[in-house]
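Whatever order the structure lists them in is the order used to number ligands and atoms, beginning at 1.
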Amino acid sequence: MHSLLDISSLSKKNIATIFDYASSYQKKKRDSILQGKDIVIAFFESSTRTRCSFDLAVKRLGGNSILFDAQGSSISKGESFIDTIHTLNQYDVQGWIIRHGHAYAPHILQQETQSIVINAGDGSHQHPTQALLDAYTLYSKWGSLEGKNIMIVGDVLHSRVARSNIQLLSILGAKIFVSGPGTLLPRFLPNITIVPTIHDAIHEMDGVIMLRIQLERMKNGLIPSKREYARYFAINEAMIVKHDNLLVLHPGPANYGLELSMECMNHKNVLIREQVKYGLYIRMAVLKHCFT
Ligand code: NCD
């Protein structure tokens, strides 16, 4: 039994096991490994895909999910994060799936509870299950990520998806490239090739992960204008058609017209809907990894 707070707690073998579980759940669809277990899904930040797929994953595995949504909770009456944790802890639950706007909130929760904790996104820090489902989507097409060139494009600075993916894709042997405006790249990016614009390296890539510009985490002035951003860091259908073997991912929600044009969605190499579908199986697999 183990928690999943960040990618660094996973070995290459753990990842292979999680992928095996995910592909068996893709066929089997249900299991009873969480029978008799109560799991809090505590979301202090907005979500559609991650929250719904975790909720469904717990139910498909026979568990009971308790949804806590910070909006509409006693947080709005001034109750603190720690008090909220202790309140829900009184119900003797076996697990927590938590999303929070502050980095390391799941680690703080882990210090306050004996239960299993799964990080569903903490600030700009980590989003381990998103990285797992991204890698699994590519793995489903390629069979292995070893030696593949993958470029992460856009607002890397604010992206927990990028941070988890950089770690996970490296463990799986991919070569990682990053492209974005200088103001949206972290200062320290070890073992990663920085590319000035998407156009400079797209022809060498096997996959690209487009990121959402995280306006909610941004102060003004980090991008010159949306039009200029799109010119250097967006992908459109013509680019995808031109690079026949290139696979395109985006964690969603997408800002259409900014990092991605809407007509791309129907192209066979744009795997955004597959990512959503595989997200359910990966989250079932992660629950199995954590609870058995
Ligand atoms: C991501 C997140 O919340 O970090 N979305 C998701 O989980 N599917 C990416 C984003 O919001 O841009």
Atoms in ligand 1 with a heavy atom of [X] nearer than 4.0 Å:
X: H127; value: 2 (C), 4 (O), 6 (C), 7 (O)
X: T50; value: 6 (C), 7 (O)
X: Q130; value: 6 (C), 7 (O), 8 (N)
X: V161; value: 1 (C), 4 (O), 9 (C)
X: R99; value: 2 (C), 3 (O), 7 (O)
X: R212; value: 10 (C), 11 (O), 12 (O)

Applying side-chain hydrogen bond (donor to acceptor under 3.5 Å, both in side chains) as the test, list every pair that has at least one member in residues 222-251; sequence neighbours left out.
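Applying side-chain hydrogen bond (donor to acceptor under 3.5 Å, both in side chains) to every pair that reaches into residues 222-251, excluding sequence neighbours, yields H250-E259.
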
Mind checking the CD-CG spacing from E112 to N89? Nearest 0.5 Å is all I need.
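Taking CD in E112 and CG in N89, the distance rounds to 8.5 Å.
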
What orientation do F81 and F44 show, parallel under 30°, tilted 30 to 60°, or perpendicular over 60°?
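Aromatic pair F81/F44 classed perpendicular.
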
What about P251: any of its N or O atoms under 3.5 Å from an N or O on ligand 1?
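Between P251 and ligand 1 (N or O atoms, distance only) the closest approach is under 3.5 Å.
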
Residue selection (non-hydrogen contact nearest atom 6 (C) of ligand 1) among S164, G252, S124, S47:
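Heavy atom nearest to atom 6 (C) of ligand 1 belongs to G252.
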
Can the positive tip of R283 be found less than 6.0 Å from the middle of the six-membered ring of F54, inside 45° of the ring normal?
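Geometry flag: set, cation within 6.0 Å and 45°.
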
Any luck finding a side-chain donor-acceptor pair between T17 and N14 under 3.5 Å?
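Not at all, the side chains of T17 and N14 share no donor-acceptor pair under 3.5 Å.
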
I need the single residue from D206, V208, L145, D134 that forms a side-chain contact (heavy atoms from CB on, under 4.5 Å) with I150. Which is it?
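Exactly one pass, corresponding to L145.
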
Can the ring centres of Y136 and F19 be said to be less than 6.0 Å apart?
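So the answer is yes for these two rings.
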
Return the closest protein heavy atom for atom 4 (O) of ligand 1 as residue, atom name and distance.
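In this structure, atom 4 (O) of ligand 1 has R160 NE, 2.7 Å as its nearest protein heavy atom.
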
